[in-house]
Asker: 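To start, I am sharing the structure in question, which I have written as structure tokens.
Please read these numbers as outputs of a predicted model, since none were measured by experiment. Within every chain, numbering begins at 1; the chains are lettered A, B, ... in the order of the sequence lines, protein sequences first and strands thereafter.
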Protein chains: 2
Amino acid sequence: MSKTDFDPIIDTTRRAEIVALLKRAVLTGKLEPGQKLNELRISEQMRVSRAPLREAMRELVQEGILTSIPYAGTFVIEVTAKDIEDAYSLNQVLDEFAIERTWPNRTKQFVAELDRRHDAVKRATLNVDTTGQIEAALQLHSLIHEWADHSLLLDTWLRLTSRLQMYFALHQRARNEPVPAIDVHEEYVRLLKGNDMKAAQRHAREHIALDFEELVAFAKNLEQRGAGDKSGAKRKRIDT
Amino acid sequence: MSKTDFDPIIDTTRRAEIVALLKRAVLTGKLEPGQKLNELRISEQMRVSRAPLREAMRELVQEGILTSIPYAGTFVIEVTAKDIEDAYSLNQVLDEFAIERTWPNRTKQFVAELDRRHDAVKRATLNVDTTGQIEAALQLHSLIHEWADHSLLLDTWLRLTSRLQMYFALHQRARNEPVPAIDVHEEYVRLLKGNDMKAAQRHAREHIALDFEELVAFAKNLEQRGAGDKSGAKRKRIDT
DNA sequence: TATTGCTATATTGTCGACAATCTGTTTTTC
DNA sequence: GAAAAACAGATTGTCGACAATATAGCAATA
């Protein structure tokens with residue numbers, strides 16, 4: 001075998017680019033929950049035909065950030081307080097499992113990457129770009145799932161990440177003020193390097209709980225605001 | 001509110017039907033792992049154009065039972081022993097969580113449905129249709145996820161179910177002999193009706209482990225058989 | 001003989017146009 | 001005037017054709 005191994009080439013089809021664009025638009029809040037995605041308009045804006053756009057949308061529907069009603073349209077998912085609570089509780093379960101699986105795999109390289117991402121979080125905190133802060137924090141949290149050597153777990157986590165990123169972005173946009181500047185990850189990183197797995201798991205639970213409590217409160221507010229609607233009534237759809 | 005509530009009408013687009021057909025073909029083993037899906041041929045066989053077929057395939061790629069290589073084709077996923085072990089371990093984690101969440105929701109209706117599905121399993125055991133047996137067993141296992149009142153968990157479980165169904169179907173096809181006729185679910189159902197949640201969780205772990213042990217052994221055999229290939233070598237692709 | 005370059009063919013990716021369906025408005029009917 | 005029917009507009013679903021790309025086979029070359 002040759003000395004240098006090459007990875008397979010990155011796929012570059014229009015479809016893949018469209019997926020990335022749409023996903024980013026949803027996860028940063030540029031496309032709001034409930035908003036309808038008009039195929040013709042978007043395809044014209046992106047200068048592509050509807051075929052690859054529709055295929056891209058199918059992917060995102062399956063990924064859970066869009067929802068489709070035949071002959072009616074495709075919409076950004078709505079966000080309820082229950083959705084956020086559910087994401088939170090599943091996150092707890094997955095984190096605990098991920099830590100257990102990652103624990104024996106913690107090499108020097110793992111620790112290095114852990115520090116690198118922690119630094120990225122600290123650097124992002126100084127910045128005003130809230131999207132960057134969210135991404136950096138989620139990247140840090142992703143590490144235990146990436147090192148668990150469990151492709152299904154990673155897959156599940158990445159799917160969950162999409163939703164988390166969307167929730168946090170919504171929250172940030174609504175509050176419109178920077179995230180608390182103090183670094184809550186110091187302890188988390190320290191425990192991941194240590195020898196007490198149970199402690200690390202416990203901390204993951206409790207630490208993440210803090211972030212979520214505010215999120216859920218925020219989402220409940222959102223719902224109260226729109227509580228005039230009848231239960232089964234359709235929300236007014238905002239066109240693209 | 002009126003006396004009878006109606007569910008939304010089933011969506012009937014070609015795409016949805018194609019998804020169902022393809023999914024069934026993969027999960028029953030009619031389409032084998034690694035097999036390539038030729039768009040033109042399938043679209044002609046189904047008497048549809050490639051557009052809805054391609055959209056359907058995008059969904060199944062995202063659902064994890066197909067995999068796509070740009071300009072090369074879309075294939076049924078390969079199955080390794082590690083994949084099965086991973087599915088098994090994630091299943092354990094999710095089951096434990098599902099039982100915890102379902103526990104307070106166990107109404108009379110839940111018990112009735114539990115019995116109904118258990119009966120379905122027992123009836124399927126008498127039959128020769130192995131596919132039906134697998135589906136019935138998975139339906140029974142699905143119950144705790146459906147009653148957990150946790151849409152993300154259910155979503156994750158359903159995605160996992162696809163893989164499990166495929167693994168079991170492969171196994172059955174390879175062995176080509178009926179599943180053991182004894183009913184291993186009696187205890188499981190009994191515990192789910194009882195008052196000891198921990199016991200139910202423990203049993204779920206151990207009972208499911210039995211089913212999986214044989215599966216994993218089978219998959220390892222499969223890999224040994226094809227172990228002549230070099231590590232990175234492409235498997236020969238079987239065309240549709 | 002092994003490697004490189006070219007060619008032919010098959011297959012996937014993308015496009016523009018048409019058909020099916022939904023929604024809101026207008027017209028008809030009682 | 002109210003309910004039903006018919007119409008109009010817009011949007012999604014589907015189709016057939018073309019463009020871009022990959023694969024296999026063969027020729028050329030060292």
Asker: Without decimals, in angstroms, what is the distance between B/Arg41 CZ and C/dA10 P?
Answerer: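 Rounded to the whole Å, the gap is 11 Å.
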Asker: By side chain to side chain contact (heavy atoms under 4.5 Å, CB included), which residues pair with B/Thr102, not counting sequence neighbours?
Answerer: B/Arg106, B/Phe110, B/Ile144, B/Trp147, B/Ala148
Asker: What is the distance from CZ of A/Phe75 to P of D/dT12, rounded to the nearest Å?
Answerer: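 In whole Å, D/dT12 P and A/Phe75 CZ are 8 Å from each other.
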Asker: Listed by chain and number, what are the side-chain hydrogen bond (donor to acceptor under 3.5 Å, both in side chains) partners of A/Thr161, not counting sequence neighbours?
Answerer: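 Applying side-chain hydrogen bond (donor to acceptor under 3.5 Å, both in side chains) to A/Thr161 gives A/Trp157.
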Asker: Send over the distance from A/Arg15 CZ to C/dG13 C1', rounded to a whole Å.
Answerer: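 Nearest whole value for this atom pair: 8 Å.
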Asker: Identify each atom pair where a protein N or O and an N or O of nucleotides 16-22 of chain D are less than 3.5 Å apart, giving names and distance.
Answerer:
none

Asker: Roughly, in whole Å, what's the span from CG in A/Asn38 to P in D/dA10?
Answerer: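 Computing the A/Asn38:CG to D/dA10:P distance gives 12 Å.
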Asker: Give, for atom CD of A/Gln165 and atom OG1 of A/Thr131, the distance between the pair rounded to the nearest 0.5 Å.
Answerer: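 It is 8.0 Å, given to the nearest 0.5 Å.
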Asker: Among residues 53-66 of chain B, which residues get a heavy atom nearer than 4.0 Å to DNA chain D?
Answerer: none
Asker: Just how far, in rounded Å, is C1' of D/dT23 from CD1 of B/Ile69?
Answerer: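 Result: 13 Å.
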Asker: Run the side-chain hydrogen bond (donor to acceptor under 3.5 Å, both in side chains) test against A/Ser89 and tell me which residues pass, sequence neighbours left out.
Answerer: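 Only B/Arg101, B/His150 meet the side-chain hydrogen bond (donor to acceptor under 3.5 Å, both in side chains) criterion with A/Ser89.
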Asker: Measure CD1/B/Ile18 against P/D/dT14 and give the value in whole Å, please.
Answerer: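 The answer, rounded to whole Å, is 7 Å.
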Asker: Measure CD/B/Glu39 against C1'/C/dG13 and give the value in whole Å, please.
Answerer: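 Roughly 8 Å, once rounded to whole Å.
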Asker: Apply side chain to side chain contact (heavy atoms under 4.5 Å, CB included) to A/Ala120 and list each qualifying residue two or more places apart in sequence or on a separate chain.
Answerer: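 A/Ala120 satisfies side chain to side chain contact (heavy atoms under 4.5 Å, CB included) with A/Arg123 once adjacent residues are dropped.
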Asker: Side chain of A/Pro52 only, please: which of C/dT11, D/dC15, C/dC15 is the nearest?
Answerer: C/dC15
Asker: Using the side-chain hydrogen bond (donor to acceptor under 3.5 Å, both in side chains) criterion, which residues pair with B/Lys82? Sequence neighbours excluded.
Answerer: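 Applying side-chain hydrogen bond (donor to acceptor under 3.5 Å, both in side chains) to B/Lys82 gives B/Asp86.
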Asker: Distance check: side-chain N/O of A/Arg14 vs OP1/OP2 of C/dC15, anything under 4.0 Å?
Answerer: yes
Asker: Sequence neighbours excluded, which residues qualify as side-chain hydrogen bond (donor to acceptor under 3.5 Å, both in side chains) partners of A/Gln139?
Answerer: none
Asker: Run the side chain to side chain contact (heavy atoms under 4.5 Å, CB included) test against B/Glu59 and tell me which residues pass, sequence neighbours left out.
Answerer: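 Listed in chain order: A/Arg58, A/Gln62, B/Arg15, B/Val19.
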Asker: Taking it one step at a time, do A/Thr67 and A/Val76 satisfy side chain to side chain contact (heavy atoms under 4.5 Å, CB included)?
Answerer: CA-CA 6 Å; A/Thr67 153; A/Val76 179; over 6 Å; no
Asker: Pick the nucleotide of DNA chain C nearest each of A/Arg47 and B/Thr74; which residue has the one closer to the 5' end?
Answerer: B/Thr74
